[in-house]
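Because the structure is predicted, anything quoted here is derived from the model rather than measured. Start at 1 with the first residue, then count along the sequence.
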Amino acid sequence: MPEFQRFSYDVLVIGAGGAGLRAAIEAGATGAKVGVVCKSLLGKAHTVMAEGGIAAALANVDDRDNWRVHFADTMRGGQYLNNWRMAELHAREAPECVRELEAWGALFDRTADGRILQRNFGGHRYPRLAHVGDRTGLEMIRTLQDHGIHTGMEVHMECTVLSLLLDGDRIAGACGYDREKGRFHLWQAKSIVMATGGIGRAFKITSNSWEYTGDGLALAYRAGAELQDMEFVQFHPTGMVWPISVRGILVTEGVRGEGGVLRNSEGRRFMFDDIPDLYKEQTADSEEEGWRYTQGDKNARRPPELLTRDHVARCINREVKAGRGTPHGGVFLDISWIKERLPKSAEYIKRKLPSMYHQFKQLADLDITEEPMEVGPTTHYMMGGIRVGGDSQMSSVPGLFAAGEVAAGLHGANRLGGNSLSDLVVFGRRAGRFAAEFANANGTAKIDEAELQAIAKAALAPFDRGPSGENPYQIQYDLQETMQDLVGIVRVESEMQQALDAIGQLRMRAERAGIAGNREYNNGWHTSIDVGNMMIVSEAITRAALLRKESRGAQFREDFPGKDAEWGKYNIVIRRGGGAGGEMQVERRALTPMPDELKAVIEEMK
């Protein structure tokens with residue numbers, strides 16, 4: 001029988017990005033014993049890839065901003081499918097969380113009078129994103145890590161979590177293995193905070209790092225937690241498209257916030273051609289007005305390049321399909337043109353967008369201060385995730401909490417840029433606090449030793465099948481191709497039904513996956529575990545997208561291109577069936593009614 005190295009905690013945090021670290025800090029502040037498990041090295045979480053900034057209504061650049069405007073912007077961006085309570089808490093608490101990061105050592109860019117500088121970003125009415133050049137996520141992780149390691153948390157780096165463990169219907173802990181040596185671990189815990197991020201690696205073209213294989217969603221689903229809004233996958237409009245080796249790497253929205261414009265192969269700013277009715281009153285109707293907005297003119301309206309990401313991505317996709325794309329299948333994003341308006345524009349671009357300058361120079365041999373970039377949509381963010389309570393962040397499984405991208409609710413049908421980083425700290429803090437309270441109120445749960453051994457045996461099965469089994473890398477590649485081609489930016493029922501059939505075949509192949517070698521440093525083994533999680537999230541995305549017979553936010557159905565008011569009353573919720581097969585159950589769930597005072601805020605801000 002495989003041996004397990006055993007650890008015991010009050011609160012176990014799975015994931016060490018912004019949400020996980022903030023949850024661990026908060027839980028530790030209550031006196032709870034906290035363990036953190038992460039898939040990569042501490043400090044290497046995908047949060048470091050968030051570039052543009054953290055959204056909070058500090059009103060340092062425009063004093064008209066406040067939590068009410070931020071709340072209304074977030075609800076509008078999410079097409080009103082958001083959990084309104086989460087949107088309210090997020091807008092109210094984000095400024096305090098940003099100031100907390102500053103107090104812990106985060107070095108934000110500054111206004112002339114020394115306050116935190118804020119920049120324009122898509123979907124935000126006023127300049128709202130506190131930032132550190134275009135490296136904000138890196139600074140945030142550095143700050144949280146430096147602060148967190150002094151709070152007593154124990155960190156288990158480079159570990160894969162295989163399963164959550166239950167005692168009856170409540171959380172008892174988790175088990176997994178360390179990726180370096182392949183030794184099994186048991187983490188017994190009174191409560192767990194899931195903070196594992198997203199699902200981007202289920203698609204072929206993505207800005208997401210290798211860790212994003214949907215582990216947290218799949219673990220929670222198998223444990224009985226409900227998932228929500230899985231049809232809403234955000235395709236960021238600007239990822240690199242050339243060279244092919246860097247396709248999908250993110251190009252921050254900050255480029256457009258600083259004055260960058262989108263042009264097709266004919267040189268036309270095509271975003272002016274299609275401005276949604278919902279945003280017409282807030283969008284510039286001339287290039288001159290759009291430029292003045294990026295330079296801080298309070299009387300100007302934002303340029304159409306700063307419309308919501310779902311809309312910009314579809315507009316780019318339309319231009320490429322119409323034959324007006326770039327040589328490598330994208331469109332042009334041009335920041336170099338500002339030399340017509342600003343003296344010393346090259347120095348300005350390098351100061352404001354240092355990472356972007358070096359990224360294109362090193363990876364594409366292109367100087368963004370002199371030439372336009374080629375960009376196209378890339379799988380970027382999952383609005384859906386584990387269904388949680390707005391205040392506590394607890395899932396439908398007692399003792400299981402979730403925060404950050406792995407949790408659903410805040411963003412509704414589409415996320416605004418910059419809201420992801422503030423999401424991490426606002427709800428990471430809340431999840432940590434309520435997880436510690438749950439642990440304090442509940443005793444240690446029992447571990448089922450027979451279940452533990454069965455999990456270990458199943459994890460080792462690919463070694464038993466050996467190299468004659470199915471290749472896990474090929475299974476992963478085929479799944480990514482299926483999702484990219486059949487459940488991508490533009491969806492249609494026949495293709496999604498085809499995708500479901502393909503996922504079923506791939507699942508059977510995954511059950512026959514085999515690998516060579518031993519348990520040490522075996523990436524084939526890790527991939528064979530990952531693909532099982534990716535199957536669950538891919539099926540959930542596809543089934544939810546099929547059920548929602550309308551286009552809304554990040555979901556665009558070519559066979560149902562319009563928005564249906566009736567569908568605006570429901571979230572789609574997914575859970576595991578209770579039968580022997582445990583088939584996926586998909587249902588509509590009515591939205592919780594919004595209080596009149598918040599309805600009034602939305603009406604006021606229209």
Visitor: Are any of the side-chain nitrogens in R301 or E281 under 4.0 Å away from the carboxylate oxygens of its partner?
Guide: no
Visitor: Starting from the C-alpha separation in whole Å, work towards a yes-or-no answer on side chain to side chain contact (heavy atoms under 4.5 Å, CB included) for M271 and H311.
Guide: CA-CA 9 Å; M271 288 304 303; H311 181 73; 3.8 Å; yes
Visitor: What pairs of donor and acceptor atoms, side-chain ones from residues 340-347 against any protein atom, are under 3.5 angstrom apart with sequence neighbours left out?
Guide:
unit_1: R341; atom_1: NH1; unit_2: E288; atom_2: OE1; d: 3.0
unit_1: R341; atom_1: NH2; unit_2: E288; atom_2: OE1; d: 3.2

Visitor: Pairing donors with acceptors under 3.5 angstrom, does anything connect the side chains of H124 and D65?
Guide: no
Visitor: Could you tell me whether the side chain of I199 reaches within less than 4.5 Å of the side chain of N208, counting heavy atoms only?
Guide: no
Visitor: Between R142 and E139, is there a side-chain N and carboxylate O pair less than 4.0 Å apart?
Guide: yes
Visitor: Before accepting this row, confirm whether a basic side-chain N of the pair K339/E370 lies closer than 4.0 Å to the acidic partner's carboxylate O.
Guide: yes
Visitor: Parallel, tilted or perpendicular: which fits the ring planes of F7 and W187, with parallel below 30° and perpendicular above 60°?
Guide: parallel
Visitor: Could you check I335 against M373 for side chain to side chain contact (heavy atoms under 4.5 Å, CB included), going step by step and ending with a plain yes or no?
Guide: CA-CA 8 Å; I335 187 72; M373 303 157 257; 3.8 Å; yes
Visitor: Please determine if R433 and E437 form a salt bridge, counting it only when a charged side-chain N lies under 4.0 Å from a carboxylate O.
Guide: no
Visitor: Does the side chain of N419 pick up a donor-acceptor pair with the side chain of T74 at under 3.5 Å?
Guide: yes
Visitor: Examine Y381 together with H236 and report whether their ring centres are nearer than 6.0 Å.
Guide: no
Visitor: If only atom types and distance count, is the side chain of D334 paired as donor or acceptor with the main-chain N or O of G260 below 3.5 Å?
Guide: no
Visitor: Run the salt-bridge test on D73 and R128 with the 4.0 Å N-O cut-off and return the result as yes or no.
Guide: yes
Visitor: Taking atom types as modelled, find out whether K33 and S8 have a side-chain donor-acceptor pair closer than 3.5 angstrom.
Guide: no
Visitor: Could you go step by step and tell me if Y293 and L306 meet the side chain to side chain contact (heavy atoms under 4.5 Å, CB included) rule?
Guide: CA-CA 11 Å; Y293 177 90; L306 291 177; 4.1 Å; yes
Visitor: With rounding to the nearest 0.5 angstrom, report the OG to CD1 distance, S420 to I54.
Guide: 8.5 Å
Visitor: Using side-chain heavy atoms (C-beta onward) and a distance below 4.5 Å, is E405 in contact with T196?
Guide: no
Visitor: Give a yes-or-no answer on whether the side chains of R309 and Q234 include a donor-acceptor pair shorter than 3.5 Å.
Guide: yes
Visitor: So does E88 pair up with K599, basic N to acidic O under 4.0 Å?
Guide: no
Visitor: Before you tell me yes or no, could you show the steps for R387 and L227 under side chain to side chain contact (heavy atoms under 4.5 Å, CB included), namely the whole-Å CA-CA distance, both residues' side-chain angles and the distance that decides it to 0.1 Å?
Guide: CA-CA 5 Å; R387 183 178 171 93; L227 307 181; over 6 Å; no
Visitor: For the residue pair R201 and Y212, would you count it as a cation-pi contact if the rule is NZ or CZ under 6.0 angstrom from the ring centre and within 45 degrees of the ring axis?
Guide: no
Visitor: Classify the ring geometry between F427 and H90 as parallel (under 30°), tilted (30 to 60°) or perpendicular (over 60°).
Guide: parallel
Visitor: Using 4.0 Å as the upper bound for N to carboxylate O, is an ion pair formed by R179 and E158?
Guide: no
Visitor: Do L307 and T283 make a side-chain contact, defined as non-hydrogen atoms from C-beta onward lying under 4.5 Å apart?
Guide: yes
Visitor: Please determine whether a side-chain nitrogen of the Lys or Arg among E258 and R351 lies less than 4.0 Å from a carboxylate oxygen of the Asp or Glu.
Guide: no
Visitor: Are F203 and F235 close enough that their ring centres sit under 6.0 Å apart?
Guide: yes
Visitor: Given the side-chain rings of H411 and F232, with only the six-membered ring counted for Trp, is the space between their centroids under 6.0 Å?
Guide: no
Visitor: Identify all side-chain donor-acceptor contacts of residues 11-22 below 3.5 Å with residues at least two apart in sequence or on another chain.
Guide:
unit_1: R22; atom_1: NE; unit_2: E100; atom_2: OE1; d: 3.1
unit_1: R22; atom_1: NH1; unit_2: E26; atom_2: OE1; d: 3.1
unit_1: R22; atom_1: NH2; unit_2: E26; atom_2: OE1; d: 3.0
unit_1: R22; atom_1: NH2; unit_2: E100; atom_2: OE1; d: 3.1
unit_1: R22; atom_1: NH2; unit_2: E100; atom_2: OE2; d: 3.1

Visitor: Does V261 reach the side chain of F332, with side-chain heavy atoms less than 4.5 Å apart?
Guide: no
